[in-house]
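What follows is a set of notes on a single structure, which appears directly below.
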Amino acid sequence: MKQLVNSLKGDKGIWSFVALLALFSFMPVFSASSNLAYIGQGNGNTLGYLVKHLAHICIGFAIIYWVHKVPYHYFRAISKVGLPVVWILLAYTLIKGTVIAGANASRWIQVPFIGITFQTSTLASIVLFIFVARYLSKTREKPIEFKASLWELWLPVFFTLILILPANFSTTALIFCMILMLTFIGKYPLKYIGIIIGSGILFLAFFVLLSKAFPDSRFFSRVHTWESRIENFSTDKPDEDDYQIEKAKIAIASGKIYGLGPGKSVQKNFLPQSSSDFIYAIIVEEYGLLGGLGVLTLYLLLLFRFVIASHKANTLFGKLVVIGLGFPMIFQAMTNMAVAVELLPVTGQTLPLISSGGSSIWMTCFALGIIISVTKKEEEIAQELKDAAKREEALQKLIDRELEEEDLIEENYSIEDKATNPMHAVLNK
């Protein structure tokens, strides 16, 4: 175990906070899965769900370990090649997507021969963020032309978002906001960012209008759900989402300061998504306000480490990669918590590293592996400089010692002749 820990490179703070979040996730998932166990198996045995979550976490950490060994600049080229592959996967998901747990949105595809479902939008977001970071780092040395950036940057971005939008509006909005943040940090001109925001709003309005013109189309089937969620959030009209929010608020109110205790949640039996979308409500119910603030603090500390890692990166691409992959992770966590306390409408975003799930955990770990790879590079550079300084110091000590020995020899074996008669030495012979 000690040898394994020593083999972990990169920012130890990121490793620590990720491990703490993953370890903490077992108790809430084990407790909140009772509802799924009663519905799926009829016996309420949650041990199977705990073992499944353990397998997902172990595979996730294996992904982090292997990805963090890959030099992060390799992903620069992979993002350009991977984007067309992502488009194919997203298009296939729209056409042949699998419905999970009764959801009417086709967001998953099933991997052949394995039976594992995979949410393609999570992979698409990672590839897209790296692609944007690559473009911004490439164009840093010359002025950006808006017309050229439309073809090279925004056309691939909007095409990817169009393929995600029909099935998952919240993920599309999250990716779009994070890309805008990334371009702002990457010194993309503000006036162009304003044009892109306006274009995005116009396209969304056009998409909604098309859904009104073709209400029976499968392509626009989720628009009514978006509208009802926004309407129910702004009014008191009851529906299924309002039911979930009410149960989440009851769970949070029941937790008070110290909580009901691990495994003693009551609302987990009524919340349909208690182990995924609304797991934060179960955490607060069982561990109280202190537990909820503790989870929030861990995510904020992880954000702090991302900021430090971005600051230490010696290349613009490395800085943008850390921001582009790290910040969306924290923003997704904040969105999940905000939904649980009814600060935002229901979005379907999971709590990273804590909610149960396979592909969401693995893609989060994949992004973390790339971030740690960036910090590993800086750690290697710092170690090389430290080793070079040690070698230089050792060489200087060796030179000083040689000079001291030469001075000593000159003192003991002086060839200066102090005799008055030059032939004195010969005459004595």
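By the side chain to side chain contact (heavy atoms under 4.5 Å, CB included) test, T364 is found to be paired with M329, P352, L353, L368, residues two or more places apart in sequence or in another chain being considered. Scanning for side chain to side chain contact (heavy atoms under 4.5 Å, CB included) contacts around I88 gives an empty result, with sequence neighbours left out. For V70, the side chain to side chain contact (heavy atoms under 4.5 Å, CB included) test picks out Y74, F75, with sequence neighbours left out. F304 pairs by the ring pair (Phe, Tyr, Trp, His ring centres under 6.0 Å) definition with nothing, not counting sequence neighbours. For the ring pair (Phe, Tyr, Trp, His ring centres under 6.0 Å) test, no residue two or more places apart in sequence or in another chain qualifies with F327. For F158, the side chain to side chain contact (heavy atoms under 4.5 Å, CB included) partners at least two apart in sequence or on another chain are W154, F176, I196. Not counting sequence neighbours, the partners of H53 by the ring pair (Phe, Tyr, Trp, His ring centres under 6.0 Å) test are F26. For F146, the ring pair (Phe, Tyr, Trp, His ring centres under 6.0 Å) partners are Y192, not counting sequence neighbours.
Residue pairs meeting the side chain to side chain donor-acceptor pair (under 3.5 Å) criterion with at least one partner in residues 253-264, sequence neighbours excluded, do not occur; the list is empty. The side chain to side chain donor-acceptor pair (under 3.5 Å) contacts involving residues 323-335 comprise Q332-T350, where partners must be two or more places apart or lie in separate chains. Sorted by first then second residue, the side chain to side chain donor-acceptor pair (under 3.5 Å) pairs that include residues 122-131, not counting sequence neighbours, number zero. Among residues at least two apart or in separate chains, ring pair (Phe, Tyr, Trp, His ring centres under 6.0 Å) pairs with a member in residues 335-370 are H56-W362.
Taking the side chain as every heavy atom from C-beta outward, L316 and L136 never approach each other to under 4.5 Å.
Side chains of S149 and Y188: a donor on one and an acceptor on the other come within 3.5 Å. No side-chain donor-acceptor contact under 3.5 Å links S33 and S275. Judged by distance alone, the side chains of S265 and E285 do bring a donor and an acceptor atom under 3.5 Å apart. Residues Y72 and T315 have side chains that bring a donor and an acceptor to within less than 3.5 angstrom of each other. Checking K69 against S373 by side-chain atom types alone, no donor-acceptor pair falls below 3.5 Å.
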Report the C-alpha separation of T375 and K312 in whole Å, then their side-chain angles, then the decisive distance to 0.1 Å, and conclude whether the side chain to side chain donor-acceptor pair (under 3.5 Å) test is met. CA-CA 8 Å; T375 64; K312 287 183 177 180; over 6 Å; no
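Among L163, I164, V127, I126, the single residue meeting the side chain to side chain contact (heavy atoms under 4.5 Å, CB included) criterion with V86 is V127.
Listed for the K319 side chain is a donor-acceptor partner under 3.5 Å among the backbone atoms of S310.
The CG atom of L298 sits 6.0 Å away from atom CG of L20, with the distance rounded to the nearest 0.5 Å. The distance from atom CD1 of I282 to atom CG of L351, rounded to the nearest 0.5 Å, is 12.5 Å. Here L150 contributes atom CG and E145 contributes atom CD; the two are 11.0 Å apart, rounded to the nearest 0.5 Å.
Annotation for V321 and V374: closest pair CG1-CG2, 4.2 Å, computed over non-hydrogen atoms.
Atom CZ of F331 sits in a sparse spot, with 12 or fewer heavy atoms from other residues, nucleotides or ligands closer than 6.0 Å.
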